[in-house]
**Student:** 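Quick one: the structure is below, questions incoming.
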Amino acid sequence: MWMRYGFYFKLILLNYINIFNKNLINYFSGRYNENEFKSFRLKYGIYRQLNSYMIRFSILCGKINIKQLLLFSYVSLKYDKYYLHLTTRTNIQLNWFNIFYSFEILKKILYFFLNSIQSSGNCVRNITYYYIYKNFNPYPFCEILRQWFVCNSEFLFLPRKFKISVLNYKKDIIAFKEHDLGIYFKKNNLNNIKINISAGGGLGRTPTVGLYILKNINWKNLLNYCDKILRIYNIYGFRNNIYKSRLKILLKLIDVSKFLNFINKEFNYSINKIFFLNEKELNSFFKYENNLKFSFFKKNLIYFNFFFLNWIKFNIFNYNNIILPLKMLNKPSGDLNYIQCKILYYFSNDFFLHISVKQNLILKCYKYFFCYIKLKKYFINIYNSNLITDNICCPGKDYCVLANSKSILISNLIKNIFINMNDIFKINKIYLNISGCINSCGHHHISNVGFLGLNKGGFENYQVYIGGNYDNFKSSYFSKSFSKSFSYFKLSYYLIKIFKKFLLNNKYYNFLNFYNRLFINQI
Ligand code: SF4
């Protein structure tokens, strides 16, 4: 069982897909040119890449059922090059699909409650979330937000893309405050659910940490406030300059107090009653949240061996969250082929997977040892979690039209340089991210060590950033530029420069500690 679309939502989506089909025929018959069709296809998550079209399926909160994953593996087998790509925004992409089959694919995935609508373009693109089982689950709130903002004609043409994050836990693995809108759920002393809303975060050209603009609001008002924030942004956001049109720039220019004034005034003009959430509505979503069954893992024995303990140390967090790293040698980060999908399907018939911001899969399971045995058998390199070889990497110049430099190449080079497990474990936990251009889909700003692709005089160049962190959203900070731009051939020189002192020095537990104690010029 998984979260289902309501009757009306499904009807709206079906209608949208039919409209897409009509316009696709118009495009093929030559009534639309490429530019006219572009603004239309972007609403359906279809990009034009260097070599082919790419489709991005929106996975709400990165949460996916095993049957849905199997469906994607089938789609990749039939219409693509046998693999899926997991993105840093917890969506799934097909990088080599033929646009001719797009209607067929969209219709097929709709039966499994999936779609690609509004996964790109200037609209509410995605909702990223993470929570732990100890607290309540905010997933139904995300579903309500999604159903309100997707296909809502008022928010179809925002000034720029808009991303939402949802969290209910202090430890941050989704870069909570680096989203346009961050919703933090908490319980007060009386066990009532309260919400803090942060706005104006973002990465890209002007990396900004979001500010809390509203605190301790009642959960019933969540939709009300989110709707008003988006409405104000839609009215006042700058549309004449693409680099100034995000919410973070608007908040910097008009100030938070003025922005809140606008929101308060907006309440006078709308019928607020329809935005109030009620328990009945929420519970209707909750009932589809199934209890996890792990029929495959019958026993719960623990055997102590060195590799298993190391695997537990790096791959398990929050008691039952098991990270399954998808960083194969000489493959782009986040690629999952159809055979791996099938293997996961045989693990169990009915469990949820979570796509993480680090382009990995997260399984929820308590039976560590049996999980370890099975994963070890079928997935290569399962120890590779939160290590230097577990790097986030955007598609870069291999696929993306906007890219300045290749990023998959850098990622693979790092994986090939660091093959000694002693060195890798000595470097310990580190976030190493690579972006092919300033759009920073690879999140290089918030990494401990980040690489940014630059174009200098027509040549591919890179720049190193050091010292960012987003482990705790209360104290997340951005990395600083460490070097001038350099060519690909100098990469190993810079890697040695960054890590040599740290590897020779036994005092520091992890790289960020080392960086914080020694200043950047001493590295
Ligand atoms: S960071 Fe740039 S190169 Fe990489 S995927 Fe995003 S737009 Fe493309």
Side-chain angles (χ1 to χ4, degrees), residues 38 41-42 45-59 83-97 116 119-123 125-126 128 160-163 175 178-180 201-208 242-243 245-246 248 326-327 331-335 355 357-359 391-414 431-447 449-456 458-465 468 470 478-479 481 485 487-488 491:
K38 182 185 167 190
R41 69 173 153 75
L42 282 179
I46 298 172
Y47 282 87
R48 187 164 197 154
Q49 291 196 320
L50 282 176
N51 309 312
S52 70
Y53 282 100
M54 176 274 279
I55 187 164
R56 182 183 296 152
F57 303 108
S58 66
I59 311 292
Y83 69 88
L84 317 167
H85 178 71
L86 312 188
T87 71
T88 48
R89 296 295 177 183
T90 66
N91 290 329
I92 287 181
Q93 279 178 198
L94 294 181
N95 283 333
W96 293 95
F97 104 110
S116 71
S119 56
S120 61
N122 297 339
C123 46
R125 273 201 197 180
N126 77 321
T128 318
R160 196 80 177 89
K161 58 189 173 184
F162 199 89
K163 291 162 185 171
E178 282 77 23
H179 285 72
D180 295 276
L203 297 170
R205 209 165 281 264
T206 30
T208 318
I242 193 172
Y243 304 125
S245 46
R246 293 285 293 268
K248 54 191 174 187
L326 300 174
K327 311 289 159 61
K331 289 266 159 48
S333 302
D335 274 10
I355 301 167
V357 171
K358 287 207 79 179
Q359 297 179 298
N391 45 46
I392 296 179
C393 160
C394 81
K397 216 173 185 177
D398 291 286
Y399 298 99
C400 182
V401 273
L402 302 172
N404 292 326
S405 317
K406 288 186 177 174
S407 48
I408 295 172
L409 192 75
I410 301 288
S411 160
N412 284 336
L413 193 84
I414 289 168
Y431 298 142
L432 193 145
N433 302 354
I434 306 153
S435 300
C437 77
I438 195 69
N439 279 354
S440 71
C441 303
H443 299 180
H444 67 274
H445 289 300
I446 47 173
S447 59
V449 179
F451 289 90
L452 165 68
L454 299 171
N455 184 343
K456 219 170 184 194
F459 293 101
E460 291 181 21
N461 270 270
Y462 299 91
Q463 200 170 10
V464 186
Y465 284 75
Y470 65 97
F478 295 119
S479 50
S481 163
S485 65
S487 75
Y488 164 76
L491 181 83

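These numbers come from a predicted model, not from an experiment. Ligands are counted one by one from 1 in listed order, and the atoms in each one are counted from 1 as well.
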**Student:** Near atom 6 (Fe) of ligand 1, which protein N/O/S atoms fall under 2.8 Å?
**Tutor:** C441 SG

**Student:** Does NZ in K161 sit with more than 12 non-hydrogen atoms of other residues, nucleotides or ligands closer than 6.0 Å?
**Tutor:** yes

**Student:** Which of these, L454, I410, N404, I434, sits in a side chain to side chain contact (heavy atoms under 4.5 Å, CB included) with Y462?
**Tutor:** I410

**Student:** Check whether more than 12 heavy atoms from other residues, nucleotides or ligands sit under 6.0 Å from atom CD1 of I242, and answer yes or no.
**Tutor:** no

**Student:** Check I414 against L432 and note the closest heavy-atom contact, atom names and distance.
**Tutor:** CD1-CD2, 3.6 Å

**Student:** My understanding is that only residues two or more places apart in sequence, or in another chain, count here; which of them pass ring-ring contact (aromatic ring centres under 6.0 Å, His included) with Y399?
**Tutor:** W96

**Student:** Quick one: closest heavy-atom pair of L326 and Q359, and the distance?
**Tutor:** CB-O, 3.8 Å

